[in-house]
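Quick notes on the structure that follows.
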Amino acid sequence: MISNVVSNGRVQKIYQRLRLGKTLYQLYYKPKGLLEKTLQRGVINSTLDNYAKKKMESAAYQLPALALQPPYYDIHFLTGDRFWYQTVFCAYSLIQQSKISLRPVIYDDGTLLKVYQQEILRVFPNAIIHLKAELDTQIESYLPWSKFPCLRERRENYPNLRKLTDVHIGSEGWKLVLDSDMLFFKRPDTLLDWLKSPQNPCHMVDVETSYGYSIPFMADLAAAPIAERLNVGICGLNSSDIDWEKLEYWCKALIEREGTHYFQEQALVAMLMAGQTCVVADEADYDVMPDKDEILDPSAVLHHYVSTSKPWYFRHAWKQVTKGN
């Protein structure tokens, strides 16, 4: 079996290192990173950024409800207390621009409090919310610790992986998973065409290749060429096609050889899509890390607010979604 390639002893050492790494991260690297980020942005800018986030969250409570009629096309989000309002704005702007019936399907990352669940259902009465207890039961049934220790450990300590495990495990058919920190400004014909008739995986184009792992090693594991600059802000996959034993092996092998990385989920998706014909969203229309001028006067269909575009997202971008409300 593929999942037995890495010996139990070596796997145990990996997990011991991961537990130590998690503790070190919480006690040292996380506060150090926050301090460095504040110093880099400056105290005044950091204060303004935090104020802008709170304004955006408050605005989410004021969005009018969207009463849509079936049949629906489902759009999937992983979210929690830090991101729920961004999820609401992303889904709202998509529905606003699409003019068709879409249904948000929400996966609780373990922090989605009742008040946020109620607010999501107020704006989207047709939404489906899968809470952590339900998801944990599903995961235990299909990905038991005894058979999938690496995926289970990563799911616990690396929430991004839940965009794969929690959305797709024990399920069938095509699903479009969206990151929350995105907004739509025009009708997204590429995505709507995909939703109506999905035949191949779908993804965005990143500003640079960001997998955290060496592409030759990834290609060797996947036994297929790896696309460069794949971004999973938009990620369309067929749940039925995911080989979880293979994914467990890849996860182990990547960590054993090159350690853990924030972009591991993106790397694993790139490996799942390796060698396949994909629907690739045009990077001019589906803009990852738009600059300030583009944010203030959007010409693209979608913005994905990563890295240096984040401050302008919180200060300006979301306000365009609320115009006319």
Side-chain angles (χ1 to χ4, degrees), residues 1-23 25 76-80 105 107-111 130-173 175 177 179 201 203 210-214 217-224 226 230 232 235-274:
M1 298 281 291
I2 262 178
S3 58
N4 292 327
V5 171
V6 180
S7 68
N8 289 336
R10 295 171 76 184
V11 170
Q12 185 63 34
K13 289 180 181 178
I14 292 171
Y15 297 141
Q16 288 173 352
R17 186 175 64 186
L18 289 174
R19 284 195 293 269
L20 178 61
K22 182 183 179 184
T23 302
Y25 171 75
H76 301 259
F77 295 91
L78 174 73
T79 198
V105 181
Y107 300 79
D108 174 16
D109 69 3
T111 66
H130 297 291
L131 296 178
K132 185 174 183 296
E134 171 196 347
L135 296 170
D136 286 348
T137 300
Q138 185 89 335
I139 291 293
E140 187 58 39
S141 296
Y142 290 94
L143 289 180
W145 271 98
S146 58
K147 191 173 180 181
F148 299 94
C150 191
L151 289 175
R152 290 297 299 274
E153 186 281 329
R154 290 285 75 203
R155 178 180 180 267
E156 291 296 316
N157 299 314
Y158 173 58
N160 282 6
L161 191 68
R162 297 181 185 201
K163 288 189 288 179
L164 274 175
T165 56
D166 293 32
V167 173
H168 292 286
I169 198 68
S171 184
E172 296 180 347
K175 296 179 181 63
V177 181
D179 278 358
H203 66 83
S210 301
Y211 300 143
Y213 298 94
S214 60
F217 183 49
M218 292 168 58
D220 184 55
L221 288 172
I226 301 292
L230 183 150
V232 294
C235 183
L237 286 171
N238 190 338
S239 301
S240 309
D241 290 342
I242 298 177
D243 184 331
W244 294 100
E245 290 191 359
K246 184 182 289 185
L247 205 64
E248 169 74 8
Y249 171 64
W250 289 348
C251 188
K252 288 178 183 179
L254 289 171
I255 293 172
E256 183 180 50
R257 177 156 161 175
E258 300 183 4
T260 59
H261 199 281
Y262 176 77
F263 289 119
Q264 188 176 22
E265 174 238 352
Q266 192 155 266
L268 290 171
V269 171
M271 294 166 72
L272 287 171
M273 294 186 182

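- When side chains are defined from C-beta on, V232 does not count as touching H203, because their heavy atoms never get closer than 4.5 Å.
- Of all heavy-atom pairs between A222 and A274, the closest is CB-CB, 4.1 Å.
- Between T165 and H168 the shortest side-chain heavy-atom distance does not fall below 4.5 Å.
- In this model, no donor atom of one side chain and acceptor atom of the other lie less than 3.5 Å apart for Q266 and S210.
- The closest donor-acceptor contact from the side chain of Y158 to the backbone of Q264 lies under 3.5 Å.
- Taking CD1 of I139 as the reference point, atom CZ of F148 lies at 10.5 Å (rounded to 0.5 Å).
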Given the rule in the side-chain contact (heavy atoms from CB on, under 4.5 Å) test, do N160 and Y262 qualify, once you have shown the distances and angles that lead to the verdict? CA-CA 8 Å; N160 282 6; Y262 176 77; 3.7 Å; yes

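- Between Q138 and G170 the shortest heavy-atom distance is NE2-O, 3.7 Å.
- Between the side chain of R152 and the main chain of L143, a donor-acceptor pair closer than 3.5 Å is present.
- When side chains are defined from C-beta on, L272 does not count as touching P201, because their heavy atoms never get closer than 4.5 Å.
- Using a cutoff of 4.0 Å between basic side-chain nitrogens and carboxylate oxygens, K252 and E248 are scored as salt-bridged.
- The shortest non-hydrogen separation linking G110 to K132 is CA-CD, 3.3 Å.
- Between the SG atom in C251 and the CG atom in L221 there is a gap of 11.0 Å [rounded to 0.5 Å].
- In terms of heavy atoms, C150 sits closest to I255 at SG-CD1, 3.7 Å.
- Contact check for I226 versus Y211: side-chain heavy atoms found under the 4.5 Å cut-off.
- At distances below 3.5 Å, not a single donor-acceptor pair connects side-chain atoms of D109 with backbone N or O atoms of L78.
- Between R162 and E265 no salt bridge is recorded (no basic side-chain N to carboxylate O distance below 4.0 Å).
- L237 and M273 make their closest contact through CD2-CE, 3.8 Å (heavy atoms, listed as atom of the first residue, atom of the second, distance).
- Here the side chains of L268 and L161 are in contact, with some heavy-atom distance below 4.5 Å.
- To the nearest 0.5 Å, the span separating CG on D108 from CZ on F77 amounts to 15.5 Å.
- Heavy atoms only, all atoms of each residue included: Y213 and M218 are closest at O-SD, 3.8 Å.
- Put simply, the side chain of Y142 does not reach to within 4.5 Å of the side chain of W244, judged on heavy atoms.
- Side chains of L254 and H261 form no contact here, defined as non-hydrogen atoms less than 4.5 Å apart.
- Residues D136 and R155 have side chains in contact (heavy-atom distance under 4.5 Å, counting atoms from C-beta outward).
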Would E245 and K147 count as a side-chain contact (heavy atoms from CB on, under 4.5 Å) if you check the C-alpha gap in whole Å, the side-chain angles of each, and the deciding distance to 0.1 Å? CA-CA 8 Å; E245 290 191 359; K147 191 173 180 181; 2.9 Å; yes

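- Under the 3.5 Å distance criterion, the side-chain polar atoms of D220 are left unmatched by any main-chain donor or acceptor of A223.
- Atom CG in N238 sits 9.0 Å away from atom CD in E172 (nearest 0.5 Å).
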